[in-house]
Number of protein chains: 2
Amino acid sequence: MDVRQVFGTNVRRLRLEKGLSQEEFGFAAGIDRTYVSGVERGLRNPTLLLAEKFARGLDVELSELLRRSEC
Amino acid sequence: MDVRQVFGTNVRRLRLEKGLSQEEFGFAAGIDRTYVSGVERGLRNPTLLLAEKFARGLDVELSELLRRSEC
DNA sequence: CTGTGACTCTAAGTCCGTA
DNA sequence: CTACGGACTTAGAGTCACA
């Protein structure tokens with residue numbers, strides 16, 4: 001499974017657990033809403049700096065967002 | 001501490017543990033030698049796909065390369 | 001062996017909109 | 001709310017010669 005999909009899936013899961021919309025999360029994390037959408041679907045290939053921005057916004061460690069749950 | 005520096009420091013440490021030069025590692029991982037140099041010094045901001053290439057070359061999980069050892 | 005500056009070219013990342 | 005499109009600016013990818 002692609003890193004981008006692992007990352008995106010984890011982002012979506014954690015975002016939903018927090019009860020946030022893509023827009024709300026994007027605003028809180030300082031990331032464009034359309035970019036959040038693309039990342040969650042595994043279409044984007046974010047840099048380390050951006051990836052950490054996601055992690056901070058979700059209040060988790062970056063390594064957590066890269067953990068493959070299955071497959 | 002910056003993610004890029006954490007990443008770079010871990011790459012350098014693991015590369016040296018394997019007894020490889022930047023050139024040797026770069027060749028094995030399919031990454032340019034000078035790019036390896038830049039990453040190890042935290043000057044580059046690689047994407048997830050690139051970061052995973054480093055991980056595969058070092059035979060570790062990507063999340064491993066993002067673990068902060070201290071501070 | 002490694003660091004560095006400079007370079008081209010592609011993709012990251014933002015912002016506008018619409019369904 | 002989210003997917004998806006186009007257009008755009010910036011920064012990363014990838015490489016080189018030289019120190």
Side-chain angles (χ1 to χ4, degrees), chain A residues 1-69 71, chain B residues 1-70:
Chain A
M1 195 186 188
D2 195 328
V3 219
R4 294 172 297 182
Q5 288 201 335
V6 173
F7 187 75
T9 303
N10 283 325
V11 167
R12 174 161 290 178
R13 180 174 47 78
L14 289 166
R15 174 179 64 78
L16 292 175
E17 280 179 9
K18 290 203 148 204
L20 296 171
S21 71
Q22 291 180 348
E23 246 171 347
E24 290 167 333
F25 170 68
F27 181 76
I31 305 166
D32 192 76
R33 113 192 121 73
T34 64
Y35 196 75
V36 175
S37 170
V39 164
E40 288 190 354
R41 281 174 295 138
L43 300 177
R44 293 285 189 154
N45 181 25
T47 60
L48 287 189
L49 251 23
L50 235 303
E52 210 201 17
K53 227 169 167 184
F54 275 87
R56 270 200 298 269
L58 291 166
D59 209 35
V60 294
E61 283 295 316
L62 175 50
S63 54
E64 183 76 16
L65 292 179
L66 295 165
R67 268 235 294 279
R68 311 168 138 75
S69 38
C71 189
Chain B
M1 195 186 187
D2 196 329
V3 220
R4 294 170 297 180
Q5 289 201 335
V6 172
F7 186 76
T9 303
N10 283 324
V11 167
R12 174 161 291 178
R13 180 174 48 77
L14 290 165
R15 173 178 66 79
L16 292 175
E17 280 178 9
K18 290 203 148 203
L20 296 172
S21 71
Q22 291 180 347
E23 243 170 349
E24 291 167 331
F25 169 68
F27 181 76
I31 305 166
D32 191 80
R33 163 188 83 75
T34 63
Y35 194 80
V36 175
S37 170
V39 164
E40 287 191 355
R41 281 173 298 134
L43 300 177
R44 295 275 190 158
N45 181 25
T47 60
L48 288 188
L49 252 23
L50 237 302
E52 211 201 16
K53 220 169 169 183
F54 276 86
R56 270 200 298 268
L58 291 166
D59 208 34
V60 294
E61 283 296 316
L62 176 50
S63 54
E64 183 75 16
L65 291 178
L66 295 165
R67 270 235 288 278
R68 311 169 140 73
S69 39
E70 55 184 327

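Note on naming: letters A, B, ... go to the chains in the order of the sequence lines (proteins, then strands), and numbering restarts at 1 for each one. Since this is a predicted model, take the numbers as computed values, not measurements.
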task: Consider the side chain of A:S21, meaning its heavy atoms from C-beta on, and name the nucleotide among C:dT14, D:dT2, C:dC1 that approaches it most closely.
output: D:dT2

- prompt: Looking at C:dG3, C:dC1, D:dA13, which one has an atom nearest to any side-chain atom of B:Q22?
  reply: C:dG3

Taking [atom1] from [X] and [atom2] from [N], how many angstroms apart are they, rounded to a whole number?
{"X": "B:L20", "N": "C:dT2", "atom1": "CG", "atom2": "C1'", "answer": "15 Å"}
{"X": "B:L50", "N": "D:dA11", "atom1": "CG", "atom2": "P", "answer": "18 Å"}
{"X": "A:I31", "N": "D:dT10", "atom1": "CD1", "atom2": "P", "answer": "20 Å"}
{"X": "A:L48", "N": "D:dG12", "atom1": "CG", "atom2": "P", "answer": "10 Å"}
{"X": "B:Y35", "N": "D:dC16", "atom1": "OH", "atom2": "C1'", "answer": "16 Å"}
{"X": "A:R41", "N": "D:dC1", "atom1": "CZ", "atom2": "P", "answer": "17 Å"}
{"X": "B:F25", "N": "C:dC1", "atom1": "CZ", "atom2": "P", "answer": "15 Å"}
{"X": "B:D32", "N": "D:dC16", "atom1": "CG", "atom2": "P", "answer": "7 Å"}

Within the structure, does a side-chain N or O atom of [X] lie under 4.0 Å from either OP1 or OP2 of [N]?
{"X": "A:S37", "N": "D:dT2", "result": "no"}
{"X": "A:T47", "N": "C:dG13", "result": "yes"}
{"X": "A:R12", "N": "D:dA3", "result": "yes"}
{"X": "A:R33", "N": "D:dC4", "result": "no"}

salt_bridge(B:E64, B:R56) N-O dist < 4.0 Å: no

field: Backbone N/O of B:G42 and side chain of B:D2: donor-acceptor pair under 3.5 Å
entry: no

task: Give a yes or no on whether the backbone of B:A29 and the side-chain of B:K53 come within a donor-acceptor separation of less than 3.5 Å.
output: no

field: Nearest-nucleotide comparison on DNA chain C, the residue closer to the 5′ end among B:E23 and B:G38
entry: B:E23

query: How are the rings of A:F25 and A:F54 set relative to one another: parallel (under 30°), tilted (30 to 60°) or perpendicular (over 60°)?
result: tilted

query: Just checking B:R15: base, sugar-phosphate only, or nothing, at a heavy-atom cut-off of under 4.0 Å?
result: sugar-phosphate

task: For B:N45, answer base if it contacts any base atom (sugar-phosphate contacts may also be present), sugar-phosphate if it contacts only those atoms, and nothing otherwise; contact means non-hydrogen atoms under 4.0 Å.
output: sugar-phosphate

message: Taking side-chain hydrogen bond (donor to acceptor under 3.5 Å, both in side chains) as the criterion, tell me which of B:Q22, B:R13, B:Q5 meets it with B:E40.
response: B:Q22

- prompt: Is there a donor and acceptor pair, one atom on the side chain of B:R44 and one on the base of D:dA13, closer than 3.5 Å?
  reply: yes

